[in-house]
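Report on one structure; see the data block that follows.
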Amino acid sequence: MRVISGKIRGLKLNPPKDQSVRPTTDRVKESLFNIINSYVMDSNVLDLFSGSGSLGIECLSRGAKHCVFSDLSKDSINIIKSNIKKARLESESTVINKDYKNVISEMGIKRNKFDIIMIDPPYYEGLFIDCIERIDNNNILSEDGIIVVEHDKKDELPEQIGNIIKIKEKKYGITILSFYKLDVEDCDE
């Protein structure tokens, strides 16, 4: 597991010890960042279910301004913190050890807006739609922002969830990346 591009390209990250955490493969990560590259520079990022922190760290390496990493697992939080320290990205990072519901609510209360929101929960737990509904209800996605959902090909995600619409879907073996944005026309009504 390594950073594939940017100012800390090639840095090896500490992998999660928990076998239930499955890091995004380099192939999928490279494809993901080819798609969202135009969103990354100077962005605010929310990496929900961070695991090892590799996606948020990749954003910071590529020029994101700040990343909020969140995970409920204490073990994952320790790995995230060690990877952030290894990458020397402490000043651009916030790490939160809370449930995704609390994190999204807290960000909404603080009126934080994110240009990129990564959702990569444990597969088969059915959290995708609830996450996106909460993001929409708490108004934390910036007007031009993007949500990236990594999920198993068995999980069919809807075309629209509240004011958020699917704009693209890419398949990589058993992994699918779904991309969502605000439906600005619906928001203006």
Side-chain angles (χ1 to χ4, degrees), residues 1-16 18-71 76 79-80 83-84 86-87 89 92-93 100 114-129 131-132 135 141-142 144-161 164-183:
M1 208 172 63
R2 63 187 175 84
V3 178
I4 54 177
S5 189
K7 63 186 176 188
I8 55 171
R9 178 182 180 196
L11 179 72
K12 289 192 175 168
L13 299 173
N14 300 320
D18 184 351
Q19 296 301 323
S20 70
V21 176
R22 25 151 214 64
T24 303
T25 65
D26 283 354
R27 178 177 156 246
V28 172
K29 189 166 28 169
E30 195 158 351
S31 298
L32 159 63
F33 280 93
N34 285 339
I35 293 168
I36 68 164
N37 194 46
S38 64
Y39 293 88
V40 176
M41 189 57 71
D42 294 324
S43 63
N44 284 313
V45 180
L46 175 59
D47 186 1
L48 291 168
F49 311 97
S50 297
S52 65
S54 102
L55 294 177
I57 289 170
E58 187 73 38
C59 286
L60 291 171
S61 179
R62 292 169 180 248
K65 186 174 18 181
H66 191 85
C67 183
V68 174
F69 298 86
S70 76
D71 207 291
S76 290
I79 296 287
I80 294 163
N83 282 331
I84 290 169
K86 190 176 193 180
L89 295 169
E92 297 116 294
S93 304
Y100 75 96
F114 296 94
D115 306 299
I116 301 171
I117 300 176
M118 307 278 192
I119 302 175
D120 185 11
Y123 284 178
Y124 313 117
E125 293 202 11
L127 304 175
F128 311 105
I129 294 170
C131 271
I132 295 171
I135 288 166
L141 182 64
S142 68
D144 296 322
I146 192 163
I147 298 172
V148 181
V149 184
E150 182 176 335
H151 58 98
D152 189 273
K153 69 179 182 180
K154 293 176 188 160
D155 294 312
E156 296 261 342
L157 297 185
E159 295 299 312
Q160 183 158 359
I161 301 168
I164 297 177
I165 56 170
K166 188 189 301 180
I167 58 163
K168 185 182 287 201
E169 188 174 271
K170 291 284 193 180
K171 294 180 182 162
Y172 306 93
I174 64 165
T175 300
I176 295 180
L177 294 176
S178 293
F179 300 86
Y180 286 86
K181 289 185 70 74
L182 274 174
D183 185 357

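Just so it is clear, the values below take in all heavy atoms, side chains as well, and ignore hydrogens, waters and symmetry mates.
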- Query: By ring pair (Phe, Tyr, Trp, His ring centres under 6.0 Å), which residues pair with Phe33, not counting sequence neighbours?
  - Reply: none
- Message: Suppose we screen for ring pair (Phe, Tyr, Trp, His ring centres under 6.0 Å). Which residues come up paired with Tyr180, at least two apart in sequence or across chains?
- Response: none
- Task: Could you tell me whether Glu169 and Lys166 make a salt bridge, using a distance below 4.0 angstrom between a side-chain N and a carboxylate O?
- Result: yes
- Electrostatic pair Glu92:Lys7 at N-O distance under 4.0 angstrom: yes
- Message: Between Ser31 (side chain only) and Arg27 (backbone N and O only), is there a donor and an acceptor less than 3.5 Å apart?
- Response: yes
- Message: With a 3.5 Å distance limit and no angle check, can you tell me whether Asn83 reaches the backbone of Asn14 through a side-chain donor-acceptor pair?
- Response: yes
- Apply side chain to side chain donor-acceptor pair (under 3.5 Å) to the pair Ser50 and Asp71, showing each step before the final yes or no. CA-CA 6 Å; Ser50 297; Asp71 207 291; 5.4 Å; no
Can you give me the closest heavy-atom contact between [X] and [Y], atom names plus distance?
{"X": "Leu182", "Y": "Ser142", "value": "CD1-O, 3.8 Å"}
{"X": "Gly10", "Y": "Arg2", "value": "O-CB, 4.3 Å"}
{"X": "Glu150", "Y": "Phe128", "value": "O-CE2, 3.6 Å"}
{"X": "Lys181", "Y": "Asp144", "value": "NZ-O, 2.9 Å"}
{"X": "Ile4", "Y": "Glu58", "value": "N-OE1, 2.9 Å"}

- Query: Going through the checks in order, is the side-chain contact (heavy atoms from CB on, under 4.5 Å) test met by Ile35 and Lys168?
  - Reply: CA-CA 10 Å; Ile35 293 168; Lys168 185 182 287 201; 4.2 Å; yes
- Task: Please step through side chain to side chain donor-acceptor pair (under 3.5 Å) for the pair His151 and Ser178, ending with a clear verdict.
- Result: CA-CA 8 Å; His151 58 98; Ser178 293; 2.7 Å; yes
- Verdict with reasoning, Ile57 to Leu55, per side-chain contact (heavy atoms from CB on, under 4.5 Å): CA-CA 5 Å; Ile57 289 170; Leu55 294 177; over 6 Å; no
